Amino acid sequence: MSSSTRQAVAWLVAISLSTSCALAQVAQPLDSRFLLGVGTHQGLGGPVSSRGYVPSTNIGQIKELGVNAFRDDFPWSDFEQVGGRMGFTSQLGRLDAQIKSGVARPFLILAFGHHLVPNSTPPSTDEARRRFTTYAAAAARSVAAQRPIFELWNEWNLAAKKDAAFSVENYLALAKVVQPAVKQAAPGSPLVVGAIGDDPGWTWTQRMLQSGILQYADGASIHLYNFCMGPAKRTSAEVVERLNAFHRLVSDASGNPTFPIYVTEAGWPTATNKCGVNEQAQADNMAQLILWASTASSWLKGIWLYELKDSGANPSDLEHNFGLYHFDNSPKPSACAVRDAWAFIRSSTSAQEKKLPGGVVSIVASTPAGQRIAIWSGDPSRRYAVRLRTSAADATYGSPCDVATQPASGVWMPVSSTPLLISAKTSSAVEFDVRPER
């Protein structure tokens, strides 16, 4: 279609899903094979959190969101006491309460040095690694009943910029001894390596992968942020682009295209700082990322949104404003966006992405109740409209945070960066007209 007629003629787009009803009946729903979680801060700060984290409140928020996982710190220095005694103390009481509540599957970071153990930040000698491994095994054993997943350290690569002891070689040596100890202590609990912070050009990532560390891991994890990139890059699409690049690197290193990958931090701060985004952009990005994730579940095993609630009340401080809830625990738009996007897609048995004209994105998912189709504009500054071209009398549409749905048949439905959510009680191809809106 030429640009001169683009505004006058609707694009005809066919969206189809090839999975048969028979396959859908035997396939597992997304929420049984993919973890959507939130980052919390119960494991740091002692009995009273300066970040405002209170287990009873935060457990309720996790329930409201409907997510099935949370990620938190499990620090060595608070779990191993004088004399080598291991166990939960008052310092870890908040973490203990959240784990034992059973609200969601724990994803726990085994990390940080110990003030009583020389060369432990990071463990860089045989003795320090032995002591860390003893702690890791005891920690795993203490929570094995909750089917946790464990992550080895947090953003080791960023610490390497200031301290040569945070080398790939020391990280590999630690993984070699920790993985078998954790697996013996908590059979069936994966150990994930990486927790890779910002790594331009993938320099550190490639050195880690080429070391052979994936032999001693059940998954690889990464943190993906773009809030300080140019405004046009602060999108879920940029996160997905880098995640796909990471997937290619891990696939090449492991020889396995479905080697498990976990995004253990991703988020957008709503600070008034120049790197912040507005609350609606945060909500849209998170909803888009959740919906897209349904298409990659053969290798992407989880995403943890950072973080559950704001960690402070300073509106201009980036670190204070990543939450789905404000510091006072009132919800941001991202809370209902995450809840509703996850509720929309969590029962899907298969899904695929289709790029439509004009940078419009569609996710087509099969569920036992029919098709779920999410459509949004990849460019927040551009808007479109879509209309059903096929008969689907029972089809409805809405958007995250919109309680009421409306009949979709015969109407033009708005498409913006806020996902349009269409439900159709059919397994047949659903066709749309798509047109740009001024």
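Because the structure is a prediction, the values reported are computed rather than measured. In what follows, every heavy atom counts, from backbone to side chain, and hydrogens, waters and symmetry copies are set aside.
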side-chain contact (heavy atoms from CB on, under 4.5 Å) assessment of Ile290 paired with Leu305: CA-CA 10 Å; Ile290 291 165; Leu305 300 170; 4.2 Å; yes
Steps toward side-chain contact (heavy atoms from CB on, under 4.5 Å) verdict (Arg372, Leu421): CA-CA 7 Å; Arg372 299 289 181 269; Leu421 306 178; over 6 Å; no
Step-by-step side-chain contact (heavy atoms from CB on, under 4.5 Å) determination, Gln61 to Leu324: CA-CA 10 Å; Gln61 291 167 336; Leu324 278 68; over 6 Å; no
Pair Glu151-Ser221, side-chain hydrogen bond (donor to acceptor under 3.5 Å, both in side chains): steps then yes or no: CA-CA 8 Å; Glu151 190 170 35; Ser221 60; 2.6 Å; yes
Audit row: Arg71, Glu265, side-chain contact (heavy atoms from CB on, under 4.5 Å) steps and yes/no: CA-CA 9 Å; Arg71 177 178 182 259; Glu265 289 185 22; 3.0 Å; yes
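Here the rule is side-chain hydrogen bond (donor to acceptor under 3.5 Å, both in side chains) with His326, and of Glu279, Lys309, His320, Lys332 only Glu279 fits it. Partner of Ile422 under the side-chain contact (heavy atoms from CB on, under 4.5 Å) criterion, out of Val430, Ile373, Val364: Ile373 alone.
Here the closest heavy-atom approach between residue Ser294 and residue Leu30 is recorded as CB-CD2, 3.8 Å. The nearest pair of heavy atoms linking Tyr397 to Ala408 is CD2-CA, 3.8 Å. When all heavy atoms of Ile375 and Ser362 are compared, the pair lying nearest together is CG1-CB, 4.0 Å. The shortest heavy-atom contact between His223 and Gly197 is CB-CA, 4.5 Å. Closest heavy-atom contact between Pro333 and Cys401: O-SG, 3.5 Å. When every heavy atom of Ser142 is checked against every heavy atom of Phe74, the shortest pair comes out as OG-CZ, 3.9 Å.
Thr367 contributes a side-chain N or O that, together with a main-chain N or O of Gly370, makes up a donor-acceptor pair within less than 3.5 Å. Of the possible polar contacts, none joining the Ser377 side chain to the Val415 backbone as a donor-acceptor pair under 3.5 Å is found. The backbone N or O of Ser428 sits less than 3.5 Å from a side-chain atom of Gln371, completing a donor-acceptor pair. Not one N or O on the side chain of Asn273 forms a donor-acceptor pair closer than 3.5 Å with the backbone of Asp317. With hydrogens and angles ignored, the 3.5 Å screen pairs a side-chain donor or acceptor of Arg346 with a backbone N or O of Gly66. A donor-acceptor pair under 3.5 Å is formed between the side chain of Thr349 and the backbone N or O of Ser366. Between the side chain of His114 and the main chain of Glu80, a donor-acceptor pair closer than 3.5 Å is present. Between the side chain of Thr270 and the backbone N or O of Asn321 there is at least one donor-acceptor pair closer than 3.5 Å. The main-chain N or O of Thr89 is never found under 3.5 Å from a side-chain atom of Asp96 such that the two would form a donor-acceptor pair. Checked by atom type and distance alone, the side chain of Asp73 never pairs as donor or acceptor with a backbone atom of Leu44 at under 3.5 Å.
The distance from the CG atom of Leu174 to the CH2 atom of Trp153 is 7.5 Å, given to the nearest 0.5 Å. How far CG of Leu191 is from CG of Asp218: 6.5 Å, rounded to the nearest 0.5 Å. In this structure, the separation between CG on Asn154 and CD1 on Ile196 is 11.5 Å, given to the nearest 0.5 Å. Thr418 OG1 to Asp402 CG: the interatomic distance, rounded to the nearest 0.5 Å, is 10.5 Å. The structure places CH2 of Trp412 at 4.5 Å from CG of Asp433, a figure rounded to the nearest 0.5 Å. Rounded to the nearest 0.5 angstrom, Ser251 OG and Phe246 CZ are separated by 10.0 Å.
For the pair Glu437 and Arg383, the salt-bridge criterion is not met [side-chain N within less than 4.0 Å of a carboxylate O]. Under a 4.0 Å N-O distance rule, the pair Glu238/Arg242 qualifies as a salt bridge.
Looking at Asn157 and Tyr171, their side chains never come closer than 4.5 Å, going by heavy atoms from C-beta outward. Proximity of Ile99 to Leu108: side-chain heavy atoms (C-beta onward) are separated by under 4.5 Å at one or more points. No side-chain heavy atom of Leu65 sits less than 4.5 Å from a side-chain heavy atom of Leu36. Side-chain contact check for Leu356 versus Phe432: every heavy-atom pair is 4.5 Å or farther apart. Val193 places none of its side-chain heavy atoms less than 4.5 Å from the side chain of Trp156. Within the 4.5 Å cutoff, the side chain of Leu35 has no heavy atoms near those of the Lys301 side chain. Using a 4.5 Å heavy-atom cutoff, the side chains of Phe70 and Leu308 are not in contact. Residues Leu289 and Val263 are not in side-chain contact: their nearest non-hydrogen atoms beyond the backbone lie 4.5 Å or more apart.
By the 30° and 60° cut-offs, the orientation of the rings of Trp304 relative to Tyr262 is tilted. Below 30°, between 30° and 60°, or above 60°: for Tyr135 and Trp76 the angle between ring planes is below 30°, a parallel geometry.
Each side-chain hydrogen bond (donor to acceptor under 3.5 Å, both in side chains) pair with one or both residues in residues 333-342, not counting sequence neighbours, appears once here: Gln282-Ser334. Applying the side-chain hydrogen bond (donor to acceptor under 3.5 Å, both in side chains) test to pairs two or more places apart or on separate chains, those with a residue in residues 35-46 are Thr40-Asp72, Thr40-Gln98, His41-Arg51, His41-Tyr306, His41-Glu307, Gln42-Asn58, Gln42-Arg94, Gln42-Gln98.
Ring pair Phe227/Trp268: centre-to-centre distance not below 6.0 Å. For Phe79 and Phe88, the ring centers are positioned less than 6.0 Å apart.
Summarising the local packing, CD of Gln81 is surrounded by more than 12 heavy atoms from other residues, nucleotides or ligands at distances under 6.0 Å.
A donor and an acceptor atom, one from each side chain of Asn329 and Thr57, are nowhere located under 3.5 Å apart.
Legend: residues meeting salt bridge (Lys or Arg N to Asp or Glu O under 4.0 Å) with Asp284, ordered by chain and number and at least two apart, are absent.
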